[in-house]
Amino acid sequence: MSVTSKCPVCGASITPGSNFCPECGAQIQSEVARTTSDNKKTSSLTRSERLRESNQQATSPEPARSHGHKGLISIILLIALIGLWATKPWIPRGYKTPDNVMSWVYKNAHHQIDMITLTASLDNTLKAAGAASSADQDDVKIHLMKNTKSKDYVFKLKQRYIYLIRITEGEDFYYEEGVALKRDNDGKVYHHQLSRSEMDQVDSNAREEYWWTNEGFDDLGNG
């Protein structure tokens, strides 16, 4: 007994195996063909899903690696900033040895320092005369001051970096001269006798490190 089916378009009876409807001419797709087509669609969909899942698995670790790289870069930048703050490369360090510092000071400010030492010697002589004792020229000394904070010979005064020279007359009184570390744009080296208030600003971090007599200071210019 043959089984008939109906046309999905017009509803006419169709003999099994027919490819077209005898009434309306619509193409008839067999059950086998429909099943094969559905399987192809399912297979195609399955492959697309597998491909999408594979791409997701391949790309999903990227954000974690990206965050890891950003964290590493942040740590490196932080270490670099700490190093810069500790070393402060923008602050000039000047000469490292006392003789080099004092040679620079002599070359650029010895006339001013000679005047200060002369004044100190005169004060010392007058004090000795008042005390009915002889003045000792060696009581006048020229000291190179060391910065106890930076551990070098550089001080900052009025937005300038200077070497600090102290001229003493015994233990009662002293004068100080600041000499710049480098030349200004006009080719001159700034030097300046400090006032008492300026001395108070820098002396809290200043320590007498080395000293020279007048003769020893002059020898620096002859060397």
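Hydrogens, waters and symmetry mates are skipped; everything else that's a heavy atom, side chains included, is used. Numbers for residues simply follow the sequence, beginning at 1.
Summarising the geometry of Tyr161 relative to Leu181, their closest heavy-atom pair is O-CD1, 3.1 Å, with the distance given to 0.1 Å. Here the closest non-hydrogen pair linking Ala109 and Val179 is CB-CG2, 3.7 Å.
Not a single side chain to side chain donor-acceptor pair (under 3.5 Å) links Glu23 to another residue, sequence neighbours left out. Residues satisfying the side-chain contact (heavy atoms from CB on, under 4.5 Å) criterion with Asn185, sequence neighbours excluded, are absent altogether. Residues forming a side chain to side chain donor-acceptor pair (under 3.5 Å) with Lys149 (at least two apart in sequence, or on another chain): none. By the side-chain contact (heavy atoms from CB on, under 4.5 Å) test, Ser103 is found to be paired with Leu220, residues two or more places apart in sequence or in another chain being considered. Contacts of Tyr106 classified as ring-ring contact (aromatic ring centres under 6.0 Å, His included), with partners at least two apart in sequence or in another chain: His110, Phe217. Every residue two or more places apart in sequence or in another chain that forms a side chain to side chain donor-acceptor pair (under 3.5 Å) with Ser197 is listed here: Ser195. Residues passing the ring-ring contact (aromatic ring centres under 6.0 Å, His included) test with Tyr175 are Phe173, sequence neighbours excluded. Judged as a side chain to side chain donor-acceptor pair (under 3.5 Å), and not counting sequence neighbours, Arg183 has no contacts. Legend: residues meeting side-chain contact (heavy atoms from CB on, under 4.5 Å) with Pro98, ordered by chain and number and at least two apart, are Leu144, Tyr153, Tyr210, Trp212. The side-chain contact (heavy atoms from CB on, under 4.5 Å) test applied to Asp152 returns Arg93, Asn147, Ser150, Val154, not counting sequence neighbours.
There is a side-chain donor-acceptor pair under 3.5 Å between Glu177 and His191.
No side-chain heavy atom of Lys188 sits under 4.5 Å from any side-chain heavy atom of Asn108. Within the 4.5 Å cutoff, the side chain of Gln193 has heavy atoms near those of the Ile116 side chain.
Sorted by first then second residue, the salt bridge (Lys or Arg N to Asp or Glu O under 4.0 Å) pairs that include residues 195-206, not counting sequence neighbours, are Lys158-Glu198, Arg166-Asp203. Within the structure, salt bridge (Lys or Arg N to Asp or Glu O under 4.0 Å) contacts touching residues 97-116 (residues at least two apart or in different chains) do not occur.
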